[in-house]
Structure formats: C-alpha cells, structure tokens
Amino acid sequence: MWTEIQQVQEHQRHELVLTGPDVAKRIAEAGLDEHLYNLVSVNFLEISKTALTLLDSRLGNLKNLTRLVLHYNKLKELPESLGKLSKLKFLDVSHNEIEELPEVFSSLTELHSINASVNLLGKIADLSQCVHLTYVDVSHNKLEDFPENLCSGSLVNLLDIKLNANQMRNVSPEITLLTGLKQMDLSVNRITVLPRELSECQKLKEVLLQDNPLKDARLKKLIDQKPPKFKAVLDYIRDHCAPMKTAAATEAAAGKAKAAGKSKNKKKDGGGDEEVDVVLDEIVIMQGTDESKRVVCKPSVAEVRPYIVCCIIRNLQLDVPAKLKKFISIQTDLHDDLCDKRMAATIATHDLDLIKGDITYEARPPRAIKLQPLKRSADVSAEVLVNQLRDEADALRKEKKRSTYSGIHKYLNLLQDKTTYPCLVAADGTVISFPPITNSDKTKISPATKNVLVEVTGSKSLAVCKAVMDKLLLDCLKAGLVVIEGEKTGTEESGDDDVEDVTKAVAAVAVTPSSTAAKVLIVEQVKVFEEAGELKVVYPSRVDLNVSHVTVTRS
C-alpha cells in the first residue's frame with residue numbers, strides 16, 4: 001500500500017493529494033494503488049501531473065467526494081461510475097486527452113464548477129440537471145458547434161462559460177435560456193455570424209469574440225478594440241444582427257415574462273381561491289455619490305488577481321454575539337463552496353469607519369507589503385508572514401501526521417511562484433487586506449462596527465466575484481443579520497445616534513405599512529476605477545441582485 005494512502009486510512013483523513021514525479025513513476029510502472037478505491041471517507045482527491053490513462057470503475061466507491069482534481073494527466077475517458085459521486089461539487093479534468101464527457105453528468109446534480117479545458121472534446125454531456133452550476137470551462141477543445149446541452153432554462157445559476165479556442169461555427173439562439181449568464185468567452189473559433197439573441201441575454205456583461213472570421217467588418221473592428229467595449233459590441237449585435245430565435249427559446253421567454261408579471265400568490269381555502277399579498281424581504285441599494293468611498297485598481301494586479309468588487313452594508317447588527325458569529329460563518333461557508341476554497345474568489349470585510357480615504361488595489365513585491373494581520377499585534381511584511389505560515393503549517397502537519405494543510409495554511413499554495421502579491425491600501429498607506437491570505441487587524445469588524453466594507457477579489461472572472469457578493473448579501477438578509485425597527489440592540493442602550501439613524505432609514509424605505517415583518521438590508525454602491533480614471537465596475541449595478549424572492553429597491 002502506498003504511504004500516502006496508508007496515512008489517510010490510518011488517520012481517517014478526508015483529503016488525498018497524489019502528484020509529482022515520484023507518483024508519476026509509480027503509476028507508470030504499476031498503475032494506481034487499488035487501495036485508493038477503499039477510501040470512502042475522502043472528500044477531496046487530487047491525482048495530477050502523471051501519465052494516468054484510465055480510472056477504475058471503482059471510483060464510484062468514493063461517494064463522499066465533493067472535489068475531484070484530475071488535471072495534467074493522460075486520461076482518455078471518464079468512467080461511467082463517476083455518476084455515483086452524488087456529492088461532487090467541483091470537477092477539474094483539464095489538460096488530458098478526453099474526447100467525450102459521459103452522459104452520467106446528469107446524475108451529478110450538486111456540481112458547481114466543471115473545468116474540462118485543454119482536452120479533445122467533440123461534444124459535451126447533457127448538463128441540464130446540474131442546476132447549481134456556476135462555471136463551465138471547455139476551452140481549447142475540438143467543439144465544432146455551440147453545445148446545445150449548455151442552453152437549458154434550468155441552469156439559472158450558470159454565470160461564466162469559456163468556449164474559446166475551439167472550432168465552433170455558430171452560436172445557438174437558445175443562449176437566451178441562460179438567464180443568469182454574465183460572462184462568456186467565444187474567442188478563437190470559426191464563427192462567421194452572430195445571432196441577435198446573444199444581445200438578449202439579460203445579465204450578459206462581458207463576451208469575448210476576438211479572432212473569429214466574422215463577415216461583418218464593422219463588428220469585427222469593434223470587437224478588436226482595446227480595451228474591450230463589451231456594451232458597444234452587444235448594442236451593435238442587437239441593432240444589426242438578425243434574430244435566429246427557435247420555438248423553444250420563444251416559449252421560454254414567454255414563460256419567464258408571464259412569471260415576472262405575477263405580483264400575488266393564490267392559496268386555496270375551503271374550495272375557493274383567495275389572493276394573498278406576499279411580503280418579501282428587501283434590499284435597498286443606495287447609489288454612490290462623489291463623496292462615497294472609491295477603489296482604484298492598478299494594472300499591476302492583472303497577472304495576479306485581476307478582479308474585484310466592493311460594496312458597503314449600512315445596517316448589519318453585529319453587537320449581538322450570535323449575529324456576529326453568523327456573519328463570519330456565512331463567509332467561511334462561501335469560501336469553502338462558491339469561492340472554491342478561495343481559488344475562485346476571496347471575501348474580506350472591514351469596519352468602514354476605520355479606513356482613511358479612498359482605497360488602492362495593487363500588487364507589490366512581498367517585502368513591500370507591510371500589514372498587521374488578523375489576531376497579531378504588530379506589522380509584518382507579507383514575505384515574513386508567508387514564511388512564518390509555511391513553517392507553522394509544516395510543523396503542524398508533522399505533529400498531526402497529516403499529508404495536507406488545514407486552516408489558513410491551505411491557502412498558501414495560491415501564492416506559489418508569485419513574484420508580487422495583491423493588496424488593498426488605504427489613503428494613509430495602511431494595508432487593509434492581503435488576499436487570499438488575511439486582512440488587517442486594524443480594520444477588522446467588531447461588535448462596535450456600524451458600517452461594513454465588503455471586498456471580493458478573484459482570479460477567475462468578474463462574474464464569479466459578483467456571484468459571491470450576491471450570495472453573501474442574500475445570506476445576510478436571510479439570516480436576519482440586520483437592524484430591525486423596534487428591536488433592542490446592544491448599542492441602543494448607550495444612545496448611539498448612528499444606529500438610530502440607520503433604524504430610521506430602514507423604516508423610511510418600507511414598501512407598505514404591513515411590511516414591518518419583512519427584513520431590510522441597506523447596501524451602498526462602491527465604484528472601482530482604472531488608474532487612468534475610467535470606471536471599471538460598480539456594485540451593485542442594475543444587472544446585479546436580480547432575484548425573485550427578494551424585493552430590490554434602487555434609490
């Protein structure tokens with residue numbers, strides 16, 4: 001039995017990583033150790049950078065897997081038993097030689113993310129049952145047609161699709177069924193004509209179309225402009241491209257319009273129908289002003305962690321211990337789930353009133369970043385901090401006889417081989433955040449915090465960052481972490497004027513007198529600018545937080 005497998009078995013660990021030259025040599029000589037398929041308690045499995053060509057059907061025994069990483073191997077196909085992994089959320093089979101994704105994907109209903117890039121795919125499986133999907137990457141394959149299996153009205157959470165570097169000749173008009181789609185990469189294909197329906201995707205903000213043999217020379221010139229002008233491209237497609245809408249897409253659009261028009265629910269009582277007003281929780285979005293907090297994003301972050309969105313929450317109730325604990329718990333759960341263990345995105349929260357002036361988001365050499373990390377009493381450079389954390393991780397791993405890191409230490413690999421690290425810096429020079437590792441103890445939230453600045457940074461896409469922020473706000477509202485009119489708070493007894501003002505604001509935005517039972521979350525927009533002054537992103541914008549179960553009021 002391989003040592004790594006024996007350690008997992010003896011110590012009942014939940015993670016197993018098999019990678020590197022030594023593992024590759026063992027697999028080449030004798031194949032995978034068959035004892036691997038008995039590790040039913042494992043929820044994370046990585047086998048990478050080997051000459052592995054085949055997985056045994058007994059892979060289906062590992063029914064507790066939530067993350068499966070099989071990148072940089074020589075896999076030709078995936079076993080049908082993959083469909084038995086009903087808890088699987090993240091699958092990475094990139095950089096292999098796979099020609100087809102099996103139909104068993106319809107059984108993987110918990111999937112959030114699929115990366116099957118750099119393979120030999122000629123078609124993909126039906127993913128319509130994977131209703132939690134947010135990210136699909138099938139770039140650098142051999143797809144000749146736009147995958148119709150991706151165009152399903154059930155994929156309401158699908159935000160980001162990468163189809164670049166294929167051989168596609170068309171874009172399906174049923175793309176309009178993807179009502180949550182925000183970003184798509186169709187560059188480096190063989191597309192000659194674009195359908196008007198592409199511009200009808202309500203939330204689509206970024207679509208990359210470079211290096212396609214488009215017949216419309218004006219459109220091609222517009223697409224090739226730098227920096228990309230996504231809105232101008234989508235407007236041109238809407239005004240100049242012909243529609244190719246199918247009956248299925250038309251029917252779906254009509255159904256959605258009908259559903260959107262319903263403002264009342266009906267319930268049956270004693271044989272008759274009675275209309276009942278539905279009281280929904282509410283998010284009030286306050287538009288930023290010239291005096292509002294701004295973030296300036298420098299070009300130096302482009303190669304390390306290019307995406308960022310921010311907002312301010314004005315009425316969280318953090319002076320109640322249970323609510324402060326829940327707020328932290330929500331972030332932890334998102335880091336493990338939607339943030340993909342911080343690989344896709346990282347959340348940081350700050351006491352807004354402790355931040356001086358505007359904020360700069362930039363990348364610096366590790367020695368040039370000085371901050372006071374959470375739960376530490378003095379400033380330290382990022383270089384020293386990372387080295388300390390690595391030493392702590394190695395010592396703890398040896399002490400506990402583990403094969404993997406835990407806690408904050410498991411995120412250190414995200415900085416591997418980086419010559420610069422990202423950071424957020426206040427106007428007075430204070431480094432307030434060092435994603436994806438930690439943020440500053442000087443601006444940490446506490447029971448006294450009244451206004452919370454939330455930042456989400458990421459390396460995958462802006463759409464993922466926005467999805468994380470959407471979920472954070474909705475989870476805070478659902479958990480009732482807001483100041484509610486008439487509810488006694490810890491700071492209310494001390495006569496805090498700011499808390500009273502926020503309470504009045506909540507009352508002022510109530511939709512009707514009967515809405516006092518509803519919870520209201522007040523969110524202020526934050527704008528992110530390029531260093532040259534051009535607006536990069538604002539959150540929440542009009543395309544964000546478009547949900548049916550919450551009333552969103554934009555002031």
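Note that this is a predicted model, so its numbers are computed, not measured.
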Look at the side chain of [X] and the backbone N and O of [Y], then say whether any donor-acceptor pair between them is shorter than 3.5 Å.
X	Y	answer
Asp351	Asp353	yes
Asp358	Val295	no
Asp92	Val69	no
Thr430	Ile432	no
Asn96	Val93	yes

Task: Straight-line distance of Gln317 CD to Lys323 NZ, nearest 0.5 Å - done: 4.0 Å

Are the side chains of [X] and [Y] in touch, meaning some heavy atoms are under 4.5 Å apart?
X	Y	result
Leu68	Leu88	yes
Lys298	Thr360	yes
Leu111	Phe105	yes

Task: Distance flag, aromatic centroids of His132 and His112, threshold under 6.0 Å - done: yes

Open item on the list: Would Arg294 pass as a cation-pi partner of Phe529, given that its NZ or CZ must be under 6.0 Å from the six-membered ring centre and within 45 degrees of the axis?
Closed with: yes

Task: Ion pair Lys466/Asp470, N-O distance below 4.0 Å - done: no

- [ ] Pick out which of Asp340, Asp137, Asp160 makes a salt bridge (charged side-chain N to carboxylate O under 4.0 Å, His left out) with Lys460.
- [x] Asp340

